[in-house]
Amino acid sequence: MAITKKEVEQVCSLARLELSDSEKDEFTCQLDSILGYVAKINELETSNILPTSHPILLTNVLREDKVKESLPVEEVLANAPDAGKGHFRVPRII
Amino acid sequence: MDYEAVIGLETHVQLKTNSKIFCGCSTNFGVSPNSQTCPVCLGFPGVLPVLNKKVVELAVKLTLALNCRITPNCKFHRKNYFYPDLPKAYQISQYDEPLAIDGYLDVEAVKIGITRVHLEEDAGKLIHTQEGDSLVDYNRCGMPLIEIVTEPDLKTPHQAYEYLTDLKSILEYLEVSDCNMEEGSLRCDANVSIRPVGQVELGTKTEVKNMNSFKAVERALSYEIERQIKVVQQGGQINQETRLWDEKKEITIPMRSKEEAHDYRYFPEPDLVPLEVSQEWTEEIKTGIPELPQAKRQRFIEGYELPSYDAEVLTANKSLANFFENTTKFYPKPKMVSNWIMTEVLGYLAEANLDISQSKLTPTHLAEMLELIDSGTISGKIGKEVLPEIFKTGKSPAEIIQEKGLVQITDGDEIVKVIEQVITENPKAVEEYKTGKKETLGFLVGQVMKLTKGKANPQITNKLLQERL
């Protein structure tokens with residue numbers, strides 16, 4: 001097995017997903033097959049190849065330190081499920 | 001058994017730019033909530049962050065001053081966590097390839113290693129309401145930050161305090177940050193553990209957060225070290241945890257956290273390309289580095305022949321150091337200038353809560369006043385009265401002395417008149433002096449000063465009074 005049910009539970013909790021027990025079994029099985037497939041890449045000799053963090057060979061895309069206009073606050077809050085006093089309002093999480 | 005502490009500090013510093021790190025929103029402080037936000041810093045789908053060039057320049061400047069090695073090819077990572085202060089649900093930060101590594105800072109002749117310096121964006125601000133919800137302001141989201149991480153080289157809370165003071169001074173000299181703790185542009189967390197003296201292996205550490213001044217860092221560390229020693233002495237074990245400093249109660253308390261095992265699932269930020277700080281660029285930035293506090297201190301000791309204490313006080317702040325140097329150009333007696341700055345000038349500034357650069361006193365003012373004292377036009381005591389007037393009005397010392405009639409009385413005849421008056425009014429003191437109680441002279445001189453409002457020349461007064469008696 002490339003992944004255990006326990007690891008799936010861990011991933012669920014990090015992603016704030018609640019799965020039923022049968023779903024956990026199902027996804028463990030599916031993820032295991034995906035990981036097994038991707039694991040094939042481990043068969044390649046890569047010790048002399050640098051990791052690719054970006055597919056385009058480009059560096060230093062920079063902008064000058066110039067201030068641009070921000071969004072009007074009404075627009076900023078337009079899609080907020082709840083707002084108040086110019087703020088986004090969210091349930092309290094500690 | 002004796003225990004020693006091992007301390008490492010993580011300092012977050014907001015870089016002084018006009019716009020945010022990845023978008024063009026302004027970095028102004030104190031504006032209305034969410035008025036400095038845009039689709040990029042609000043994390044709307046499909047937007048692209050673009051790195052601010054000034055951020056890189058300021059950060060490189062600092063890493064050079066901290067003797068770091070700049071990573072020729074560094075990358076950005078996403079640090080994933082869910083919290084309402086982070087609209088994208090990840091913070092763009094740096095992970096295994098930070099901007100710079102392996103530096104050091106000399107703190108009171110002890111080399112404190114700098115593990116790494118990395119760039120990242122700040123998160124938003126939450127206000128928890130009494131109704132049980134939270135209000136979110138994303139103005140701070142995307143503010144450019146650098147995080148400076150030390151090796152666990154610090155041994156005492158006081159050393160941690162000194163390190164922060166020196167770091168702040170460098171940041172100010174370089175003009176890379178405002179270093180305003182109240183506005184959150186400088187924040188510090190501490191990792192601390194204890195071990196029996198002589199043991200090489202490190203103890204379990206705790207992370208202490210929520211300190212809002214350097215003194216608070218020192219106090220929190222002192223408390224935490226004592227707490228850990230007590231736990232171990234009573235046979236307990238230290239839990240690896242994050243603790244919050246409670247400034248009012250002066251204790252640290254464990255932070256409540258559902259997700260204690262941090263799993264940030266860092267992965268390379270695909271929206272940003274690698275950053276390559278070339279040798280040429282580094283050299284160019286290097287030319288913008290001014291003389292740093294330690295070098296200046298040394299030069300003040302050697303060049304102006306100042307005691308090291310004076311040099312340290314004068315160089316703690318760049319504008320003060322400049323003020324001192326400019327004053328000595330007009331009045332080349334460095335120790336005298338230093339004395340006046342350290343006592344009178346700094347005293348006034350502290351009371352008014354001002355920086356020298358914000359005050360009306362100029363180097364020419366101070367130099368002129370010291371000349372007036374040297375030439376006997378006013379006494380040193382009167383000088384101390386003139387100074388606050390300059391601060392208040394910005395007028396020249398000569399003008400103030402003229403206006404207030406503070407010119408010193410050196411005319412013997414005039415002083416003798418006052419002496420006569422003092423002698424008539426204080427027969428008892430005169431009698432005492434004559435019967436051998438010589439210290440009464442001081443009292444009588446004081447009376448002359450009182451009547452002349454401090455304007456009588458003290459040496460002449462002393463001499464004439466002794467002659468008369």
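Order of the sequence lines sets the chain letters (A, B, ...), proteins ahead of strands, with each chain counted from 1. In what follows, every heavy atom counts, from backbone to side chain, and hydrogens, waters and symmetry copies are set aside.
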* To do: Go through the side-chain N and O atoms of B:Gln279 and B:Trp281 and say whether any donor and acceptor fall under 3.5 Å apart.
  => no
Counting heavy-atom pairs under 4.5 Å with chain B, the top scorer among A:Val61, A:Leu71, A:Asn60 is A:Asn60
Exercise. Heavy-atom count around A:Lys5 NZ within 6.0 Å, excluding the residue itself: above 12?
Worked result: yes
Applying a strict 4.5 Å limit to non-hydrogen atoms, the region of B:Leu48 in contact with chain A is neither
Bottom line for B:Thr37: the part with an atom under 4.5 Å from chain A's heavy atoms is both
Check: B:Thr252/B:Glu224 side-chain N/O donor and acceptor closer than 3.5 Å: yes
Interface check, chain A: of B:Cys41, B:Gly124, B:Cys23, most non-hydrogen pairs under 4.5 Å belong to B:Cys23
Looking only at A:Lys68, A:His87, A:Arg63, the option with the highest number of non-hydrogen pairs under 4.5 Å against chain B is A:Arg63
* Between A:Glu23 and A:Ser20, do the side chains contain an N or O donor and an N or O acceptor separated by less than 3.5 Å? -> yes
Okay, B:Leu135 and chain A: the region with an atom under 4.5 Å from a heavy atom over there is both
Side-chain H-bond candidate by donor/acceptor type, B:Arg69 with B:Thr63, under 3.5 Å: no
Filtered by a 4.5 Å non-hydrogen cutoff, the part of residues 86-96 of chain B contacting chain A is none
**Report entry** Intermediate values then yes/no, side-chain hydrogen bond (donor to acceptor under 3.5 Å, both in side chains), B:Thr129 and A:Arg92
**Finding:** CA-CA 9 Å; B:Thr129 69; A:Arg92 183 166 176 168; over 6 Å; no
query: For B:Thr206 and B:Asn239, does a side-chain donor sit closer than 3.5 Å to a side-chain acceptor?
result: no
If one checks every heavy atom of B:Leu126 against chain A at 4.5 Å, the contacting part turns out to be neither
Between B:Ser19 and A:Asp65, a side-chain donor and acceptor under 3.5 Å:
yes
Okay, B:Val40 and chain A: the region with an atom under 4.5 Å from a heavy atom over there is neither
Okay, B:Phe267 and chain A: the region with an atom under 4.5 Å from a heavy atom over there is neither
Are B:His77 and B:Glu269 close enough that a side-chain donor and a side-chain acceptor fall under 3.5 Å? no
- Query: Do other residues, nucleotides or ligands put more than 12 heavy atoms under 6.0 Å from the CG atom of A:Leu58?
  - Reply: yes
With chain B, the option among A:Pro91, A:Ser70, A:Pro72 that has the most non-hydrogen atom pairs under 4.5 Å is A:Ser70
Applying a strict 4.5 Å limit to non-hydrogen atoms, the region of B:Thr27 in contact with chain A is neither
Heaviest contributor of heavy-atom pairs below 4.5 Å to chain A, chosen from B:Cys38, B:Ser134, B:Pro274, B:Pro268, is B:Ser134
Heavy atoms of A:Arg89 and A:Gly84 approach each other most closely as NH2-CA, 3.7 Å
B:Gln14 versus B:His12, side-chain donor and acceptor atoms under 3.5 Å: no
